[in-house]
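Everything on this sheet refers to the single structure shown next.
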Amino acid sequence: MLIAKTKANLISKLEINQGMQEEPNFFERVYDLARLIPKGRVTSYGAIAKAIGSAKSSRMVGWAMSQSHGSVPPVPAHRVVNRNGILSGKHHFIHPNQMQELLEAEGLKIQDDKVQEFKTRFWDPLLEL
DNA sequence: AAGGTGACAGTTT
DNA sequence: TAAACTGCCACCT
């Protein structure tokens, strides 16, 4: 349908962007950083935005995540939550439960769409770089 | 080509 | 304390 077609266009553009590695754009930087998130840890949209030098673009990080499906290498979008540890992006997965399931498969506990022990599970890109 | 849209976050009521 | 408001900016139509 229309939606599918739009998405296909987006994906193809993203692939093109990934192909041109000369000037890493916003998306690439978001994705590259997201790929560094260790298994079993999570970070926030804002933390990623800040880490790529665009501290006030957290909304775009979320948008980038929504388009990350299908990109290669894979982007662990499920490890990105909002600053309160809430799984605000769960609706963008195949099944709304999938985000939680993926996280639980990595050893995290989720309750009411919120990562438990969020503080200790939080991975701050700035501290690791 | 101008305006709309977010998987947010910080500030103000 | 919570809800409302506001800034944000790459990308889409």
Side-chain angles (χ1 to χ4, degrees):
Chain A
M1 296 286 291
L2 278 178
I3 298 175
K5 186 175 182 181
T6 299
K7 186 149 191 171
N9 287 339
L10 281 174
I11 291 173
S12 60
K13 288 200 175 185
L14 288 174
E15 287 172 348
I16 290 172
N17 285 338
Q18 286 175 351
M20 41 191 262
Q21 303 165 355
E22 299 181 7
E23 286 187 14
N25 58 21
F26 186 86
F27 273 50
E28 265 187 65
R29 289 199 265 169
V30 171
Y31 291 168
D32 284 341
L33 190 53
R35 290 182 182 115
L36 300 179
I37 306 172
K39 213 176 180 182
R41 304 288 298 283
V42 293
T43 192
S44 71
Y45 303 98
I48 291 178
K50 186 183 288 185
I52 65 175
S54 190
K56 300 172 182 177
S57 302
S58 44
R59 297 188 78 176
M60 254 73 51
V61 173
W63 190 73
M65 284 300 141
S66 73
Q67 305 304 324
S68 70
H69 182 63
S71 60
V72 291
V75 176
H78 61 282
R79 297 184 191 135
V80 186
V81 299
N82 74 7
R83 59 136 172 201
N84 299 127
I86 294 175
L87 280 52
S88 47
K90 58 180 290 191
H91 287 302
H92 294 269
F93 289 78
I94 310 296
H95 292 304
N97 306 336
Q98 182 160 38
M99 185 173 186
Q100 174 169 347
E101 289 169 0
L102 288 170
L103 289 173
E104 288 177 336
E106 297 183 356
L108 281 85
K109 305 285 189 261
I110 314 294
Q111 190 166 47
D112 295 330
D113 292 339
K114 182 171 180 180
V115 177
Q116 303 299 290
E117 309 272 333
F118 180 53
K119 275 189 176 178
T120 60
R121 294 305 196 152
F122 183 76
W123 180 79
D124 188 347
L126 292 176
L127 293 182
E128 311 288 334
L129 301 183

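Keep in mind that what you see is a predicted model, and the values were worked out from it rather than measured.
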Taking the side chain as C-beta and beyond, is there a heavy-atom pair between [X] and [Y] under 4.5 Å?
{"X": "A/His95", "Y": "A/Glu101", "value": "no"}
{"X": "A/Ser71", "Y": "A/Arg35", "value": "yes"}
{"X": "A/Gln67", "Y": "A/Phe27", "value": "yes"}

In this structure, how many angstroms lie between the [atom2] atom of [N] and the [atom1] atom of [X], rounded?
{"X": "A/Ile110", "N": "B/dA7", "atom1": "CD1", "atom2": "C1'", "result": "15 Å"}
{"X": "A/Trp63", "N": "B/dG6", "atom1": "CH2", "atom2": "C1'", "result": "9 Å"}
{"X": "A/Tyr45", "N": "B/dG10", "atom1": "OH", "atom2": "C1'", "result": "17 Å"}
{"X": "A/Gln98", "N": "B/dA7", "atom1": "CD", "atom2": "P", "result": "17 Å"}
{"X": "A/Ile52", "N": "C/dC8", "atom1": "CD1", "atom2": "C1'", "result": "13 Å"}
{"X": "A/Ile48", "N": "B/dG6", "atom1": "CD1", "atom2": "P", "result": "20 Å"}

If you only use heavy atoms from C-beta on, which nucleotide in [options] is closest to the side chain of [X]?
{"X": "A/Met60", "options": "B/dC8, B/dG6, C/dC11", "value": "B/dG6"}
{"X": "A/Phe27", "options": "B/dC8, C/dC11, C/dC9", "value": "C/dC11"}
{"X": "A/Met99", "options": "B/dA9, C/dG7, B/dA7", "value": "B/dA7"}
{"X": "A/Phe26", "options": "C/dA10, B/dA9, B/dA7", "value": "C/dA10"}
{"X": "A/Ser57", "options": "B/dA9, B/dG6, C/dC8", "value": "C/dC8"}
{"X": "A/His92", "options": "B/dC8, B/dA7, C/dA10", "value": "B/dA7"}

Quick one: on DNA chain B, does A/His78 or A/Lys50 contact a more 5' nucleotide (nearest heavy atom)?
A/His78

Is A/Arg59 close enough to C/dA10 that one of its side-chain N or O atoms is under 4.0 Å from OP1 or OP2 there?
no

Counting the atoms with a prime plus P, OP1 and OP2 as sugar-phosphate, which does A/Ala77 contact under 4.0 Å by heavy atoms, base, sugar-phosphate, or nothing?
base

Note: A/Met99 and A/Val80 closest approach over all heavy atoms is CE-O, 3.4 Å

Cationic N near anionic O, under 4.0 Å, A/Asp32 to A/Arg29
no

